[in-house]
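To start, the structure itself, in structure tokens.
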Amino acid sequence: MEIFLEGMVILNSLLVWYLLLHHTESIFTLANFTGNLSISFKIDGMGMIFGGLVSALWPLATLYAFEYMAKEEHEKVFFLFYTMTYGITLGISMAANLLTMYFFYELLTLVTVPLVMHTLTREAILASRKYLYYSLGGAAFAFIGLIFVIIYGSTTNFVLGGVLDLEKIGDRVNVLLLIYVIAFMGFGVKAAVCPFNSWLPDAGVAPTPVTALLHAVAVVKSGAFAIIRLTYYSFGTEFLKGTWAQNVVMAVVLFTIVYGCSRAVKETHLKRRLAYSTISNLSYILFGVTIMTPAGLVGACSHLVFHAVMKITSFFCAGAVMYRTDRSYVHELDGMGYKMPCVFGIFTLSSLALMGVPGLTGFVSKWNLASAAVESGNILAYLGIACLLISALLTAIYMLTIVVRAFFPNKEFDMGSLDGIRDPGWKMLVPLFIFSIVIVIFGLHSANIVKFFDSVAMGIR
Amino acid sequence: MQYMILSVFFPVVSGLYLLVKKEMGNRKNLLISTGSFLVITAVLAILALCLTGEGLFTLFCVTERLPILFKVDEVSVVFLAMTIIVFLCAGLFSFEYMKHEEKEKRYYGFYLIVFGILIALCYAGNLITFYLFFELLTLSSFPLVLHERSREAVMAGLKYLFYSLCGAYMALFGLYFVERYGNTLTFSVGGVISDQAFSNHGEILLLVAFFMILGFSVKAGMFPMHAWLPTAHPVAPAPASAVLSAVIVKAGVLALVRVVYFIFGTSFLKGSWVQTVWLTLSLLTVFMGSMLAYREPVLKKRLAYSTVSQVSYILFGLAVMDGDAVTGSLLHVLCHGFIKAALFLCAGAIIFKTGKTKVPELRGIGKEMPVLMVCYTFISLGLIGIPPTGGFISKWYLAQGSLKSGIPVFDWLGPAILLVSALLTAGYLLPVTIQGFFPGENYDYKVLQKKEPSPFMIVPILILTILSVMIGLFPEGIIRYLSQMIGKIV
């Protein structure tokens, strides 16, 4: 079964990459409802970024999951839903209009609930219920935004620069701004924006491949992706920039950046700590979005891609530790660096990248975000840079304390208690090594990929 | 060009090799390989200085606007010379000292990596390259601090790490703005920011300059971000404390030289509130560091507080932004580097031989280790600033520059505080000598034993002592070299 599944996933990824590289400008309509409502697909620059990212990560995550899931039960059910999620995420990335995206967005919630529930413990069931309610509630708010865009927009298709028809709006500008804020927060539930973030750490009870791929990349970044679509491709930055709505969403996002980090510092459970770190980092992306300039979009895209790689790496490392030793709290990791050198070496690399040490990917995306903020000249955005840096310091605190524990245990610590622990097998190590190579290569040379993001933000692709 | 890159990568790679390699059975092999790595690095670095001409060497580009590039100028020569000498001496010293520590291989591994990164910092040709190696310096030097892995050492290591990162991020805040408003990030004489940007965004640029100065001075231990230094330096093994206190804090000084004189330019900062605040903070640190050192009984801690105070002499000179004061600062970089390294090595030799750490316990130490204590006395005199030692010349220039700068209040207040602090320096360094050689009449001479340390320990201390005195005796060459360069940047 494993070979068949891995083969299918790789085949699908190849297909997706072929499509991305040879796409046409035309829209493919699957089904037509009344009027201008339709389920239709189109590949544009933004979709290429998200689709390309997801299809690059999925085969590796599946490979990792084979080894990890060997210890758990109901493998078949797990892989069923795991692979279905792949298709639905691609659906979000290739959606040509708001309705299609909304459709897949709801499906994504429904398909991933069984994955969160997988272990069927009481904790898992509660977490998945919470996840379901939060996501559906958020989607309902987003739906309000959808309706307003359909009514006041000239088309529901995504167009860079927005589709709102100013004549239709007339003097109801403030109503629409309010609706934007509501829809932003609605989609923001999946992107774990501050008051709606508590589902994400709880959902960490899911098996690690789920937490790593879905709760650091596919699901949460669908939220961020949806907000990019909403802001840049539906409402349009012309309409939003400089209004109170921009200030409100930016303030919320900045608060989330600092809040997520400070919670991560306090958290002692390794996976929950990483989940809080995800909350903060997702808001980096949204910070880029709320700057509402092309440069801001470039920053958002680069963090969308680079954070995905960095965070999936650190989650996979955490998963490898849990798989080998059943230890999941930070204070249980003393001296492990000597027993699992590969895993903790890579974990160190991903920590440095998340902190934003130059030469690794995290620096590049923070650089793009901050220079967009400087360029925008917005005072709140200047404050945002300060938030980014405070958060970088907190990131150093919550990541490097783990590294120090693992490599420099106290003098009195008895290394004998770690006997028998060793690095995991190749199915786990291969994805980790590939990700760490990616982190270093894009950190050292990111000119090409940033140029691509530039062309997307300028609307050339 | 190739020597420059080799002298950076060779120590880093050989350090990593030592870290990854399996434990060596024979201690001698480890020492021989470490020693040869150190010497080869030094030779490569000197070759790089001699054979590299003017001009920029781009290593690679992170993005189009962010090249990683190296160049050599006079400032790099000064800092590099100090770094190489101190690293070789402290390395030789550790061959003996590290006998009584565990995990020697890891120590030498990180020691070499830090060496390479410091060399790279001296070569850094633009702000982004500098920042890259500045962060790497923090990350590779904190294992030296927590080497002993006692609870205290680990906490001190983390404190050092987070303070330094906090400073680095403050500087990064400025870096974003400099990239936006500057013509280039490459260090250029007189600054890189155009007059137009200054007139349009003057206020925000001043704020940014302030953040960068404050951020980089964390490494140099300036008030209010000095607290890590007296915690972190003493817990490290003595040779590591020596390089931390003598060289690594100077990375912060180098950063400030680069930022103030090669990025913002003195014409913009002179007379602004940033200069006033910076002067105030540095003078406060000079005074406070000396006071704290004066009442500290543990010798290594006392030396660490002394570093806090002495490095702020250098910062004061830089903040005055006058030709003579900057000459004094750069001279003090050299003097303080040699002197403080030698002092920490002395303290290490005492701990190694007797296990004593507190000053009151050191009665009669001069009878037990005469050569060591004579060296200690000479370098103490140098740090106090008594002619004809190096410390005198540098402080002379600092005071002269400050007096003729004409900054209201600070022009006389600065030299006054320097003098008070010199007095305090005598007060905290000389008691060791006095009690060491003249233990008093009720002292029991029978317990005395000859404990003179081995040549591995004495020779490096001797070299550093001689160098610090030589600077005082024959300063003309260095001063001529420095003032030529300083004429251009101030």
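Everything numeric in this text was worked out from a predicted model, so none of it was measured. Convention: sequence-line order gives letters A, B, ...; per-chain numbering from 1.
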Is the number of heavy atoms from other residues, nucleotides or ligands within 6.0 Å of [atom1] ([X]) greater than 12?
| X | atom1 | result |
| --- | --- | --- |
| B:Phe57 | CZ | yes |
| B:Glu152 | CD | no |
| A:Phe442 | CZ | no |

Engaged part of [X] at the chain A interface, taking heavy atoms whose separation is under 4.5 Å:
| X | result |
| --- | --- |
| B:Arg65 | neither |
| B:Leu158 | side chain |
| B:Phe60 | side chain |
| B:Ile68 | neither |
| B:Cys166 | both |

What distance do [X] atom [atom1] and [Y] atom [atom2] have between them, rounded to the nearest 0.5 Å?
| X | Y | atom1 | atom2 | answer |
| --- | --- | --- | --- | --- |
| B:Leu139 | A:Ser351 | CG | OG | 10.5 Å |
| A:Ile379 | B:Ile204 | CD1 | CD1 | 6.0 Å |
| B:Glu179 | A:Trp367 | CD | CH2 | 4.5 Å |
| A:Leu393 | B:Leu172 | CG | CG | 12.0 Å |
| B:Phe162 | A:Thr401 | CZ | OG1 | 5.5 Å |
| A:Phe408 | B:Glu148 | CZ | CD | 13.5 Å |

Whether A:Tyr382 and B:Phe177 hold their rings parallel, tilted or perpendicular, with breakpoints at 30° and 60°: perpendicular
Contacting moiety of A:Leu352, where chain B heavy atoms sit under 4.5 Å: side chain
What residue, out of [options], has the most heavy-atom pairs lying under 4.5 Å from chain B?
| options | result |
| --- | --- |
| A:Asn368, A:Val364, A:Leu400, A:Ile390 | A:Leu400 |
| A:Gly443, A:Ala373, A:Pro341, A:Pro409 | A:Pro409 |
| A:Val404, A:Ile449, A:Val357, A:Leu389 | A:Leu389 |
| A:Glu412, A:Lys411, A:Lys366 | A:Lys411 |

Sidechain-backbone polar pair: B:Arg151 side chain, A:Asn410 backbone, donor-acceptor under 3.5 Å: no
Residue among B:Phe142, B:Phe173, B:Phe211, B:Phe133 with most heavy-atom pairs under 4.5 Å to chain A: B:Phe173
Contact winner vs chain A - B:His201, B:Glu135, B:Arg180, heavy-atom pairs under 4.5 Å: B:Arg180
Within 45° cone of A:Tyr338 ring axis and under 6.0 Å: B:Lys103 NZ or CZ: yes
side-chain contact (heavy atoms from CB on, under 4.5 Å) assessment of A:Phe407 paired with B:Leu146: CA-CA 11 Å; A:Phe407 283 104; B:Leu146 49 73; over 6 Å; no
